[in-house]
Amino acid sequence: MTTMKAIVHSTTGGPDVLSLTERPIPAPGAGEVRVRVHVSGVNPTDWKSRRGATGGPGDGSEQVPNQDGAGVVDAVGEGVAAERVGQRVWIWEAAWQRADGTAQEYVVLPERQAVLLPDEASFDLGASLGIPALTAHRTLTVADGGPDRLAPGSLDGRTVLVAGGAGAVGNAAIQLARWAGATVVTTVSSTRKAELARAAGAHHVVDYRTQDAAAAIRLLAPEGVDIVVEVAPAVNAVIDHAVAAPNAVVAFYANNGGDEITVPIRQAMMPNLRWQGVLVYTVPERAKANAVADVSAALADGALRVGEDAGLPLHRFPLEKTGDAHAAVENDAVGKVLIDVVAR
């Protein structure tokens, strides 16, 4: 076989700009591996990029979407150990500043972006790591005094508030924080999402639609929360300030609900509260390397899971329905949207 199936778009826009095509199978260059993609993961960043949030193709060139995926290394370039052929791997940031994401049968990328996937971990799990788990790691490692690495016991004695515990990043943050020893409180907006957050491992769940969230969180954590993993800073800023412990950090990774926040100066000054922006693509290189290593360690420990019983239901689409998969994420599907590049 000399060609492969791939999803491409050469303009920005809605899911309809995505099309299925045949392309030559690429060869890996120096320092690269080629991965036979089994499952591609879809994240909000993928549809936002497709719509032009990060520029997108403007010269008519083809872009293959999707940052995350999992598969098997089937070829290596110069300087890469031959033993890597046959390895099961998870992929991160395949399409960041590159034309080739994971919505295709084969992808070539720098070998460090194809990370060993343990035999006991499914391709579904591997394709669900990437953006969510690396983002979650960063939010949990930016507090004053650390830790800057996650491991069992590294968050002992800390209380973590995860806003939106039924989302993909929220789910990963709950699981990583539990693995590291934190007490985890999360907020949700429905009974269904509360069930998912508990399945992920949250110790306490607060439904902000039926409860006074700040009062409920303060009751659960009288001394305040040390780390806030925040998906909707514009909406939740009042709650975050009300429940933050001295020297806490609010690590925000999205702008759900609005593009601007208002910070009450003295209420933030007195406890030395810090607001920390998190964009996984541009975190410091050392932090990215730490995140990849720690997520791999958590994976090896069996601390990361996907599926209904892990609080992250799976929604599957075949490769030719990638547009529908993007639309599902854009329409706030609860759970993880995956594309079966290799038919099940």
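As the structure is a prediction and not an experimental result, all values here were calculated from the model.
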Aromatic rings Tyr281 and Trp96: how do their planes relate, parallel, tilted or perpendicular, breaks at 30° and 60°?
parallel
State whether Arg192 and Glu308 are salt-bridged, where the test is any N-O pair (Lys NZ or Arg NE/NH1/NH2 against Asp/Glu carboxylate O) under 4.0 Å.
yes
Under a 4.5 Å cut-off applied to non-hydrogen side-chain atoms, are [X] and [Y] in contact?
X: Glu32; Y: Val80; answer: no
X: Trp179; Y: Leu304; answer: no
X: Asp68; Y: Trp90; answer: no
X: Val169; Y: Val231; answer: no
X: His326; Y: Asn66; answer: yes
X: Val108; Y: Asp100; answer: no
X: Leu155; Y: Ile227; answer: yes
X: Lys336; Y: Asn43; answer: yes

Under 3.5 Å, side chain of [X] to main-chain N/O of [Y], donor-acceptor pair present?
X: Gln63; Y: Arg98; answer: yes
X: Asp340; Y: Pro318; answer: no
X: Glu105; Y: Lys5; answer: yes
X: His203; Y: Val184; answer: yes
X: Asp294; Y: Leu150; answer: yes
X: His241; Y: Ala237; answer: yes
X: Arg274; Y: Asn247; answer: no
X: Asp46; Y: Ala95; answer: no
X: Thr186; Y: Val162; answer: yes
X: His38; Y: Asp124; answer: no

What's the shortest heavy-atom distance between Thr102 and Gln67, and which atoms?
CG2-O, 3.9 Å
With Asp74 as partner, the option from Arg36, Arg34, Gln87 fulfilling side chain to side chain donor-acceptor pair (under 3.5 Å) is Arg34
Among all residues two or more places apart in sequence or in another chain, which pass the side chain to side chain contact (heavy atoms under 4.5 Å, CB included) test with Val235?
Ala232
Can you list everything that forms a side chain to side chain contact (heavy atoms under 4.5 Å, CB included) with Ala151? Sequence neighbours excluded, please.
none
For Glu78, I'd like to know if atom CD has over 12 heavy atoms of other residues, nucleotides or ligands within 6.0 Å.
no
What do you reckon, is CD of Glu223 surrounded by more than 12 foreign heavy atoms closer than 6.0 Å?
no
For Glu330, all residues meeting side-chain hydrogen bond (donor to acceptor under 3.5 Å, both in side chains), sequence neighbours excluded
Arg50, Arg51
